[in-house]
Amino acid sequence: MSLDSERATLSMSLLESYDVIFAGGGTTACVVASRIAQADPSLKILIIEAGSHTEDLIDHVQPGRCLNLSLAHTFSHFDSIPSDALGGRSIRVLTGCCLGGGSAVNGMMYTRASASDYDDWEKVGNPGWGSKDLIPLARKVETYQVASGDPSVHGFNGPIKISRGGQVTNIAREFLEVAAQYDRDRKTVTQSTLDAQDFYTPWHMYIDAHTGKRSDTAHHFIYNLNPEAKRNLHILTNRRVVKVLFENNRAVGVSYAVHDDFNVLGETKNPPQTVHASRLVILSSGAFGSPAILERSGIGSAEHLAQAQVDQLVDLPGVGENYNDHNLCATPYLSSEDSDCLDGIFGGDEEAIKPYLAEWTEKGTGLLAHNSFDAAIKMRPTPKELEELGPFFKKVWQEFYVEASDKPVALLISSARNLSTAPSPPGSKTFSMPFCSLYPRAIGYTHITSRTNPWAPLRFKPGYLEDPADVAILRWGYKRGREIARRMRSFRGEIPAGHPKFPSSTTTTSSVASSAPGPIDIDTPDIVYSAEDDKAIDDHHRATVSTSWHSLGTCAMKSRVAGGVVDPRLNVYGVENLKVADLSIVPLNVGANTYNTALIVGEKAFLIVAEDLGVSTKE
Ligand SMILES: Cc1cc2nc3c(=O)[nH]c(=O)nc-3n(C[C@H](O)[C@H](O)[C@H](O)COP(=O)(O)OP(=O)(O)OC[C@H]3O[C@@H](n4cnc5c(N)ncnc54)[C@H](O)[C@@H]3O)c2cc1C
């Protein structure tokens, strides 16, 4: 079907006006829209989503294929301004572009933010957004399928399923075994722990233990809705919202476009279409999409709007500012023949997938019901490590971490596949040690470059590694991961292209490991790094650091004077009937992978929206 005839068909089924319109149908939007549709099926709701449907598509539901970045159409990408801190590189940050957004494409790693993260949100002027309010919502949204689940922590009746995945890999087992013997400063546990720092722990997944399928918000909140709740919920895919329409500062609808409405130069060929909202417009286009829609609608700083030739409606300098992420690096290792690795599977190689297909189809288990990440630690430095981290980090430690004892500094994960950018030698088995800083100092921005075109590139600066404290954290992560990796039974050497180029004159070259036939003894002393070695590590990280895909914060929920964009009821300052509900509202970073926080924001937004609409929230 051509785009024009597809548009004609969809337009026929579209209403001219809805009660509520969602701009974006990602992780958070699916939660809010589904809950409202169930609470009051008479409400007419429209979701306009930039990407396509995902229902039962193997690339989305089969976990082993996750993070297959070659599926370009299911991602939006944002290229940063080249940065000296990254050796002149530009970083490409991806977000999900499909119904379910990030939840339909992400790595399915399950963890939660620290309680103090949400308490900090409340302290910056957001009553009702502290841990005592939000952690019950984390319980509400989940069904924890791991037998040992503690009911004071976990939920057992929510739509989103959490499990151990289809099998426990020997890579994860060895990571935990080595950690227990090698790192005597920290503890190792066999049952996953969410709220404690410095525990090596099994790492669970957003995978349904019964089906072996991904637990995303499109399938678990929208596609599974009962016919009554679905009756008035319309979904328009492959359309981008251009801007919000206003009457006297009251949001009354949106305009939207298809890609073909623009010529190759990005100029408008066809005028955008419009649809009206009688009660509420909710922006849920994520950390890049939501601020961009606000700016195209004339809401933002005079300077940035003027650059894109947009007339200002509301002066709100915080729009597009406060960009946060977690900086990620991963170092690759060769693995023994008998290790449980997802090499090939996650790249979508059908030959590699074949041996696991029958088990996944029949029982929902095996490596296809796996994301490769099944053990990890959220770390804080020991006193000795704090010294090694150096003066820049020590200052941050004093100012930020000392009083916040539940905040981890870095996350170190064991991954049963090569997650680094260095290619694996053909036919080899691999594992890797991804690590990221959880509260990097890096804060950036994202702003529009076009008044009309929602596909135009954004002016985006993530700020990665501009602060030496962030560089020190990654150096520490590399060393910790390397010491554990080279003691694991499966270890068969390093993949040199994925490691720093250490100066050959020192004793600490990668040949220490890459020539080794197997692991070293647990009691072997740690590698001693010279100042030149440390510089080699830092240079390597500047050349390879990437996003953790945890973009957030660009429409922050803070007071207007402090640079906020929305109030604690998610209303955009200066206008009426316009809310934002996605991770762009997060005022301060969280020390964890961010899917869980998006689910919580969705559940909280539902309670607020329902109250505004006069809808009962009782189930
Ligand atoms: C590759 C990847 C791996 C990740 N791995 C993990 C993980 O393992 N564990 C974890 O906890 N978190 C992970 N995350 C992070 C987590 O998935 C995201 O933080 C979360 O999904 C963000 O939710 P959101 O609702 O804010 O935005 P999104 O889910 O991104 O939703 C925004 C939606 O809006 C749409 N949109 C954008 N602009 C427009 C427009 N103008 N008009 C209409 N629609 C628009 C987009 O297509 C998208 O569907 C990962 C994310 C990615 C991308």
Side-chain angles (χ1 to χ4, degrees), residues 26-28 67 69 75-83 85-86 89-97 101-103 105-107 109 111 113-114 117 120-121 285-292 318-330 378 396 400 407-413 419 421 434-447 457-474 477 541-557 565 582-598 601:
T27 308
T28 315
L67 302 181
L69 305 183
F75 294 99
S76 293
H77 62 257
F78 304 93
D79 291 330
S80 70
I81 300 165
S83 160
L86 306 174
R89 267 191 319 139
S90 163
I91 292 264
R92 173 162 287 193
V93 175
L94 299 174
T95 59
C97 182
S103 75
V105 299
N106 69 21
M109 278 178 260
T111 179
S114 302
D117 293 341
D120 289 347
W121 295 9
S285 288
F288 292 98
S290 291
V319 175
E321 299 293 316
N322 191 45
Y323 175 87
N324 279 261
D325 190 1
H326 300 130
N327 308 156
L328 178 78
C329 287
K378 289 179 179 174
V396 177
F400 182 71
K407 289 197 199 297
V409 175
L411 171 63
L412 175 67
I413 310 166
L419 198 76
T421 49
F435 47 94
C436 67
S437 42
L438 288 170
Y439 304 90
R441 306 286 280 177
I443 306 283
Y445 61 72
T446 165
H447 294 291
L458 299 172
R459 199 155 40 77
F460 163 50
K461 178 181 173 226
Y464 299 155
L465 302 193
E466 286 177 4
D467 190 307
D470 292 349
V471 181
I473 294 169
L474 292 185
H541 289 156
R542 290 188 192 284
T544 57
V545 70
S546 75
T547 173
S548 290
W549 310 291
H550 296 161
S551 304
L552 53 84
T554 49
C555 297
M557 180 173 63
V565 175
D582 57 30
L583 286 190
S584 70
I585 65 115
V586 169
L588 297 162
N589 212 340
V590 294
N593 308 60
T594 47
Y595 182 14
N596 203 260
T597 298
V601 169

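- Under the 4.5 Å side-chain criterion, counting only non-hydrogen atoms from C-beta, Ile473 is not in contact with Pro440.
- When only modelled atom types and interatomic distance are considered, Asn589 and His326 share a side-chain donor-acceptor pair under 3.5 Å.
- Side-chain contact check for Thr547 and Asp325: at least one donor-acceptor pair (N or O, by modelled atom type) lies under 3.5 Å.
- Counting heavy atoms from C-beta on, the side chains of Asn593 and Leu411 come closer than 4.5 Å.
- Nearest heavy-atom pair, Val565 versus Gly318, reported as atom, atom and distance to 0.1 Å: CG2-C, 3.6 Å.
- Within the 4.5 Å cutoff, the side chain of Ser83 has heavy atoms near those of the Glu466 side chain.
- A pairwise comparison of heavy atoms in Ala469 and Arg441 identifies CB-CG, 4.4 Å as the closest pair.
- Every side-chain contact (heavy atoms from CB on, under 4.5 Å) that Arg92 has, sequence neighbours left out, goes to His77, Asp79, Leu94.
- At a threshold of 4.5 Å between non-hydrogen side-chain atoms, the residues Asp470 and Tyr464 do not count as touching.
- Here CD1 of Ile443 is found 3.5 Å from CG of Asn324. Values are rounded to the nearest 0.5 Å.
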Next item on the list: Show your reasoning for whether side chain to side chain contact (heavy atoms under 4.5 Å, CB included) applies to Val93 and Ser551.
Entry: CA-CA 8 Å; Val93 175; Ser551 304; 3.5 Å; yes
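- The shortest distance between side-chain heavy atoms of Asp117 and Tyr439 falls below 4.5 Å.
- Taking CG from Leu552 and OG from Ser584, the interatomic distance works out to 9.0 Å, rounded to the nearest 0.5 Å.
- Remark: the Lys378 side chain and the Ser114 side chain contain no N/O donor-acceptor pair separated by less than 3.5 Å.
- Using a 4.5 Å heavy-atom cutoff, the side chains of Tyr445 and Arg459 are in contact.
- To the nearest 0.5 Å, atom OG1 of residue Thr544 and atom CG of residue Leu86 are 10.0 Å apart.
- In this structure, the ring-ring contact (aromatic ring centres under 6.0 Å, His included) partners of Phe78, at least two apart in sequence or on a different chain, are Phe288.
- Across Leu474 and Cys329, no two heavy atoms sit closer than the pair CD1-SG, 3.8 Å.
- Proximity of a side-chain donor or acceptor of Thr446 to a complementary backbone N or O of Gly320 within less than 3.5 Å is not detected.
- Side-chain contact between Leu328 and His550 is absent, with no heavy-atom pair separated by less than 4.5 Å.
- To the nearest 0.5 angstrom, Leu588 atom CG is 8.5 Å from Trp121 atom CH2.
- Rounding to the nearest 0.5 Å gives a distance of 10.0 Å between CG of Leu438 and CG of Asn327.
- By the 4.5 Å heavy-atom criterion applied to side chains, Leu419 and Leu67 are counted as neighbours.
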Next item on the list: Dump the intermediate steps for side chain to side chain contact (heavy atoms under 4.5 Å, CB included) on Trp549 and Asn106, then the final yes or no.
Entry: CA-CA 8 Å; Trp549 310 291; Asn106 69 21; over 6 Å; no
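- Using a distance-only test at 3.5 Å, with no hydrogens or angles considered, no donor-acceptor pair links the side chain of Ser76 to the main chain of Thr95.
- The distance from atom OG of Ser437 to atom CG of Leu465, rounded to the nearest 0.5 Å, is 7.5 Å.
- Listed here is the closest heavy atom pair of Ala113 and Thr597: CB-OG1, 4.1 Å.
- Contact record, Pro291 with Val319: O-CG1, 3.6 Å, taken as the closest heavy-atom pair.
- The nearest pair of heavy atoms linking Pro462 to Ala442 is O-CB, 3.8 Å.
- Evaluation of the salt bridge (charged side-chain N to carboxylate O under 4.0 Å, His left out) rule for Asp120 yields Lys123, Lys407 as partners, not counting sequence neighbours.
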